[in-house]
2 protein chains.
Amino acid sequence: MKIGTLSARTGVPARMLRYYEDQGLLAPQRSGNGYRAFAEDDVDRVTMVRDLIRSGLPTRLIRIVLEMENPVASGWTERCTRDFAEVLAGELEALDARIACLTRSRDTVRDYLSHTEHAALLSGSAGR
Amino acid sequence: MKIGTLSARTGVPARMLRYYEDQGLLAPQRSGNGYRAFAEDDVDRVTMVRDLIRSGLPTRLIRIVLEMENPVASGWTERCTRDFAEVLAGELEALDARIACLTRSRDTVRDYLSHTEHAALLSGSAGR
DNA sequence: CTTGACCTTCACACTGATGTCAGACTTTAC
DNA sequence: GTAAAGTCTGACATCAGTGTGAAGGTCAAG
């Protein structure tokens, strides 16, 4: 699919899709005319990237996470140096901290909202 | 406590503590000499703010979340307009998306790490 | 064949979170 | 009392993520 279609389907501006490619988060084919040709899977990939960026992960890290999703294909697992593993472990702790903090904030917002007269706006995500 | 102490205890640079104050996330007293005098509670508050910022929440939103933590004191609950409640509900969904996405990424990293020879680096946060 | 919609690359501007430095004042230590 | 360390304000720089627009190529509809 072309960039406009992917943009429409994900809500992510075409500008950003090019940026993601530039950062090595997407690697669309190119059709003869030079247009980017995205795969169906890129829809999910793009929304994931967008959410991760919104969550404060730098593209540098997102690239790593994406590559880790099929470690075999990218020839990982083998050469994972001690240093790199330590970096990862550090990032892992940071991730946990963020998740905890975001969860707490979400609960705060939800609790607040549920105490107002607009509690009806609470959609799903009810109980955790 | 003075800014240097708070900085040391939270790991947040003094520069950022001043920035937080500027953004209305902290409101330290001032002692006679003009120095900021932070309260003990600010230690937790600051680490929370730092984590939320790292999680991509703009200070504008963090201010709201903080105020929501004691809605009565800030005289909320009463005048929570429909429009504002809708904004909140939207942010709530965005929060859920981020939490889901971060959780998934954390699991990816952890699974990966646990398959390497450096699995020992995995500290707590084990099961969930 | 022309028009309009969509694509390409490139560049500049903006914003929010940070780092850093300068100049002035306060406090602490010797 | 003097020197060092800490604090104040304020300005400027940087970096990542985004928005926006220019100049030109591609393609489908009329």
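Sequence lines set the chain letters: A, B, ... in the order given, protein chains first and strands last, and positions in each chain run from 1.
- Distance from the side chain of A/Y35 is smallest for D/dG25 among the nucleotides C/dT26, C/dA11, D/dG25.
- Across D/dG17, C/dC7, D/dT20, the shortest atom-to-atom separation from the side chain of A/R15 is found for D/dT20.
- Taking atom CD1 on A/I3 and atom C1' on D/dT26, their separation rounds to 15 Å, with Å as the unit.
- Under a hydrophobic clustering in which Ile, Leu, Val, Met, Phe, Trp and Tyr are joined whenever their side-chain heavy atoms come within less than 4.5 Å, directly or via other members, B/V12 and B/V43 fall into the same cluster.
- As rounded to whole Å, 19 Å separates atom P of D/dT14 from atom OH of B/Y19.
- Taking a 6.0 Å sphere around CZ of B/R104, one finds it holds 12 or fewer heavy atoms contributed by other residues, nucleotides or ligands.
- When the side-chain nitrogen and oxygen atoms of A/N33 are compared with OP1 and OP2 of D/dC27, one or more of them lie within a distance under 4.0 Å.
- Dashed line: the shortest gap from a side-chain N or O of A/R54 to OP1 or OP2 of D/dA16 is not under 4.0 Å.
- Under the side chain to side chain contact (heavy atoms under 4.5 Å, CB included) rule, B/V49 has a single partner from B/D42, B/L26, B/L66, which is B/L66.
- Distances shorter than 4.0 Å separate some side-chain N or O of B/R30 from OP1 or OP2 on D/dT9.
- Distances were taken from every side-chain heavy atom of A/M16 (C-beta onward) to each of D/dC27, D/dG17, D/dT18; the shortest belongs to D/dT18.
- Listed pair A/R36 / C/dT8 meets the phosphate criterion, a side-chain N or O lying under 4.0 Å from OP1 or OP2.
- Neither OP1 nor OP2 of D/dA16 sits under 4.0 Å from any side-chain N or O of A/T59.
- Counting all heavy atoms, side chain and backbone alike, B/D51 lies closest to A/A97 at OD2-CB, 4.2 Å.
- Rounded to whole Å, the distance from CG on B/L25 to P on C/dA17 is 9 Å.
- In this structure, B/Y20 atom OH and C/dA17 atom P are separated by 9 Å, rounded to whole Å.
- Donor-acceptor pairing under 3.5 Å, judged by distance alone, is absent between the side chain of A/R18 and the base of C/dT9.
- The CG-C1' distance, from B/L17 to C/dT18, rounds to 13 Å in whole Å.
- The side chain of B/Q23 approaches C/dA17 more closely than any other nucleotide in the set C/dT18, D/dT18, C/dA17.
- A/K2 places its NZ atom 9 Å from the C1' atom of D/dT26, with the value rounded to the nearest Å.
- For the pair B/F38 CZ and D/dG6 P, the interatomic distance rounds to 16 Å; values are reported in whole Å.
- A residue-by-residue look at A/I53 and B/E21 shows that B/E21 has its nearest nucleotide of DNA chain D further toward the 5' end.
- Taking for each of B/G32 and B/R60 the nucleotide of DNA chain C with the nearest heavy atom, the 5'-most of the two is the partner of B/R60.
- One atom, CZ of A/R50, and another, C1' of D/dG19, lie 17 Å apart when rounded to the nearest Å.
- The CZ atom of A/R98 sits 8.0 Å away from atom OG of A/S55, with the distance rounded to the nearest 0.5 Å.
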